[in-house]
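Structure, as structure tokens:
Heads up: numbering here begins at 1 and tracks the sequence. Nothing here was measured: the structure is a model prediction, and the numbers come from that model.
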Amino acid sequence: MPGRGIIILLALIWSSLSICTASVVRPISEAHRSAALELFVPFDGSFGSLEDIYASFRTLEILGLEKTQDVSDVACKSVVDKLGSPSSTTKDLFYALKVNSILRCQTETIKFEEIASKLQTVLKSASCLPDFYYSIGSLLLIKNHGFEVLLSDAAGTFQSIKALSQSDGKWRYDSSSAESSNYAAGMALEALAGVVSIADSEVDKSMIGVVKNDIVKLFDSIKSYSDGTLYFDDKYVHTNDYRSPLEISASVIRGVTAFAEVASGRVNIPGNKVLGVAKLFLSLGVPGTIKDLFHQIEALSCLENNRIYIPLIISLPATVLSLTSQDQLKVDVTSVFGVPAPPLTVKLLQATNSNSDGKPNIENQELYFDQENSIHYLDIASLKVDVGKYNLIFEASLHDPVDEKKYTTGGRTSFSAFFTGSIQIDKAELAILNSDGDSIETIESLDLSKDSSLSLSANHLQTFRLSFQPTTPLGHTFKPHQVFLKLRHETNVEHIFLIESSARQYKLTLDFLGLVEKFYYLSGKYDLELFVGDAIMENSFLRTLGLVELDLPEPPEKAPQAPPQPIDPYLRYGPKEEIRHIFRSPEKRPPKELSLAFFALIFLPLLGFLIGLVRLGVNLKLFPSTPGPVAFSLLFHSGIASVLLLYGLFWLKLDLFTTLKILSFLGIFLVFIGHQTLSRLASTSSKVKSS
């Protein structure tokens, strides 16, 4: 029934919306690997620029996915062309070397020493951050490729880049730019790390210390969402320069982790901030573009193994737990790529029901550790908790003090989880009250665990009352989100009433006298259906209660009419009424004997013709005697015989179209042969007359 389906659909939508609010950050999974393979496909036969190719190959490399040979060959051709072209920019060289570092292309003909010399020349006159970034990055890649690269004026280059920094830890793209940027800060830190790596001598430690302080200032200005997720963002004057918080945060993380790798000592960034940025990348789920997926995966790979803090992600494999099935509360603690955490203890500090007065229902429960599955768990059934939406607060503590300096769990971590169960419906009653509102004419008890078939009757002066009491597994009062009663008239006119709670029970009272106009004065039978549903109620139901026969007064002259009921669109596809054809009665035909007699009469002229030929004889004086004319004459007579035979076949079995098709070929044949035969006959006749 359409109405029944609509109510169930509303319940499902509400349930899904309620549960989806408790989103959980999860480590990188197979979904990311599948997305990478689907996104890395050519567009119009091309894989885009080398920057796009690098983003794709780098993503596949981090995720441990194989690269197809065809794509690698195309990319390597672009790499060799860019490295061998004297007109290539520093950006072209940078991404060509980046792709080559992954694919290991055949670059024997490339003169890397000349490329390095060209880049050193660019560095001497560089004044903007992109020139520093691409030149130093390219030199570092050439060094990693096995060639000797030394930056002679490392201190001067370091100072030139540092001169573009601001007091808040951000960087400018060039000295003439008034706006500073977090994205530029990431580029600058990555370039400075490259300077330290290819310097011909050790960079002054005081200069490195200054940059460390800039990094701390940079993280002091980090922004946060309401759930504690942290991110970097920039202000833009022109929309063409816009970069998303994902791209900006990824740039900062690449730069900070790269600099921390080459700097002596530790960069003093709080572990909870590192974890907050990691949650930003993981909270995105699976991005829809290869560019966003690249920024997410590469930034997380930088966090997976860095010298500041390696974030450990506390996550819940399931946020909907059934008390009926005695589900366990399970907690995963892994790195951002799902690697199991070092030995640690997970404690549930408190679990608070959203319907309570704020008092925790569970406190200080240490979770057990399943070493085989590397998961922490807690049997919630033994804790006597009730159904509801709970706010769970966990805390993880590492066992080894050495690990505390390497990893961060971010302190307390909060989640929302739903504990579902079966709700008991007690004291369910249907009653018809008299006009005084106190005396009961009819009262029936209901068993709402199954459909009922009660039959009640009432008039417009009486009152209808439905009441029941839902309780949780622990006997507490339960308030479902959706409680409706539907009355459907035998003409399919429906009325839906919201049932509200009163004290510990739900009760609906319908005064028919005040509802006669809403019921369009329609007397007759009304089917009763009760719906009770909630996201945490495992036994949500739509029950048929029976029917009530109403005796309503006659409608006045200008009473509202019941709206026309919509036609079920599925009825148009149902079986149709059988069509019975009436044919015209066949006309009367002559007897069989008369028909056969008429058939015999048809052949009498032919018989007379044959007798005449025999009696009169056949004149064959002009029949040709030479081979050529004889052949044409025989073919002509055969053609005439074929036409006669075709007429006979048409009479017996052939249809008109087949007959005409054959006759068209025979006609052409007869015209040609007949013309030749008659021409020769006329010629012979004229010779005979002349002689």
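Checking side-chain atoms of S283 against main-chain N and O of L280 turns up a donor-acceptor pair under 3.5 Å. Between the side chain of S523 and the backbone N or O of L552 there is at least one donor-acceptor pair closer than 3.5 Å. The main-chain N or O of R543 is never found under 3.5 Å from a side-chain atom of D451 such that the two would form a donor-acceptor pair. Q462 places a side-chain N or O within 3.5 Å of a backbone atom of N459 that can act as its donor or acceptor partner. The backbone N or O of D292 lies less than 3.5 Å from no partner atom in the side chain of H295, so there is not a single donor-acceptor pair. Under a 3.5 Å cut-off, the side chain of N539 and the backbone N or O of I423 do form a donor-acceptor pair. Panel note: side chain S664, backbone K661; a donor-acceptor pair is recorded below 3.5 Å. T107 places no side-chain N or O within 3.5 Å of a backbone atom of I110 that could act as its donor or acceptor partner. Judged purely by atom type and a 3.5 angstrom limit, S540 uses its side chain to pair as donor or acceptor with the backbone of D534. Looking at T677, its side chain never comes within 3.5 Å of a backbone N or O of G674 through a donor-acceptor pair.
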Check against side-chain contact (heavy atoms from CB on, under 4.5 Å), T319 and L316: CA-CA 6 Å; T319 57; L316 301 182; 4.2 Å; yes
Are H460 and F512 close enough, and set up right, to give a ring pair (Phe, Tyr, Trp, His ring centres under 6.0 Å), and what steps lead you there? CA-CA 5 Å; H460 65 287; F512 292 130; 9.7 Å; no
Are I297 and H32 close enough, and set up right, to give a side-chain contact (heavy atoms from CB on, under 4.5 Å), and what steps lead you there? CA-CA 9 Å; I297 297 300; H32 293 81; 4.3 Å; yes
List the steps, then state whether side-chain contact (heavy atoms from CB on, under 4.5 Å) holds for D527 with L487. CA-CA 6 Å; D527 293 325; L487 279 74; over 6 Å; no
Applying side-chain contact (heavy atoms from CB on, under 4.5 Å) to L530 and L542, what does each step give before you reach the verdict? CA-CA 6 Å; L530 174 65; L542 178 60; over 6 Å; no
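Contact check for L545 versus E529: no side-chain heavy atoms found under the 4.5 Å cut-off. Annotation: side chain of Q482 is not in contact with side chain of V532 (no heavy-atom distance under 4.5 Å). Using a 4.5 Å heavy-atom threshold, the side chains of F650 and L660 count as separate. For the pair F519 and V493, the minimum side-chain heavy-atom distance is 4.5 Å or more. Side-chain contact between L456 and L430 is present, with at least one heavy-atom pair separated by less than 4.5 Å. Using a 4.5 Å heavy-atom threshold, the side chains of H495 and K486 count as separate. Side-chain atoms of L454 and L446, non-hydrogen and from C-beta on, do get closer than 4.5 Å to each other. F541 places none of its side-chain heavy atoms less than 4.5 Å from the side chain of S449.
Checked for salt-bridge contact, D81 and K77 meet the test: a charged N lies under 4.0 Å from a carboxylate O. Contact check on K98 versus E51 returns no salt bridge, with no Lys/Arg side-chain nitrogen under 4.0 Å from an Asp/Glu carboxylate oxygen.
Judged purely by distance below 3.5 Å, without hydrogens or angles, the side chains of R26 and S315 pair a donor atom with an acceptor atom. Remark: the D327 side chain and the S325 side chain contain no N/O donor-acceptor pair separated by less than 3.5 Å. No side-chain N or O of E538 forms a donor-acceptor pair with one of S422 less than 3.5 Å apart.
Between the CG atom in L510 and the CG atom in L485 there is a gap of 6.5 Å [rounded to 0.5 Å]. Summarising the geometry, atom OG1 belonging to T658 is positioned 12.0 Å from atom CG belonging to L663; distances are rounded to the nearest 0.5 Å. Here L83 contributes atom CG and S88 contributes atom OG; the two are 7.5 Å apart, rounded to the nearest 0.5 Å. Distance CG/L646 to CG/L654: 6.5 Å, rounded to 0.5 Å. Between atom CD1 of residue I28 and atom CZ of residue F281 there is a gap of 10.5 Å, rounded to the nearest 0.5 Å. Note: Q296 CD to T289 OG1 = 10.0 Å, rounded to the nearest 0.5 Å.
Listed here is the closest heavy atom pair of F484 and I499: C-CD1, 4.1 Å. Shortest non-hydrogen contact noted between A75 and I53 is CB-CG2, 3.8 Å. Of all the heavy atoms in I425 and P470, the pair that sits closest is CD1-CB, 3.6 Å. In this structure, T420 and S322 approach most closely via the heavy-atom pair OG1-CA, 3.4 Å. Nearest heavy-atom pair, G338 versus P27, reported as atom, atom and distance to 0.1 Å: N-CB, 3.7 Å. Counting all heavy atoms, side chain and backbone alike, Y521 lies closest to A559 at CE1-CB, 3.8 Å.
For E517, the CD atom counts as loosely surrounded, since its 6.0 Å shell holds 12 or fewer non-hydrogen atoms of other residues, nucleotides or ligands. Within a 6.0 Å sphere centred on CD of E577, heavy atoms belonging to other residues, nucleotides or ligands number 12 at most.
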Under 3.5 Å, sequence neighbours excluded: what are the donor-acceptor pairs made by side chains of residues 56-66?
{"from": "S56", "atom 1": "OG", "to": "D52", "atom 2": "O", "distance (Å)": "3.1"}
{"from": "R58", "atom 1": "NH1", "to": "E61", "atom 2": "OE1", "distance (Å)": "2.7"}
{"from": "T59", "atom 1": "OG1", "to": "A55", "atom 2": "O", "distance (Å)": "2.6"}

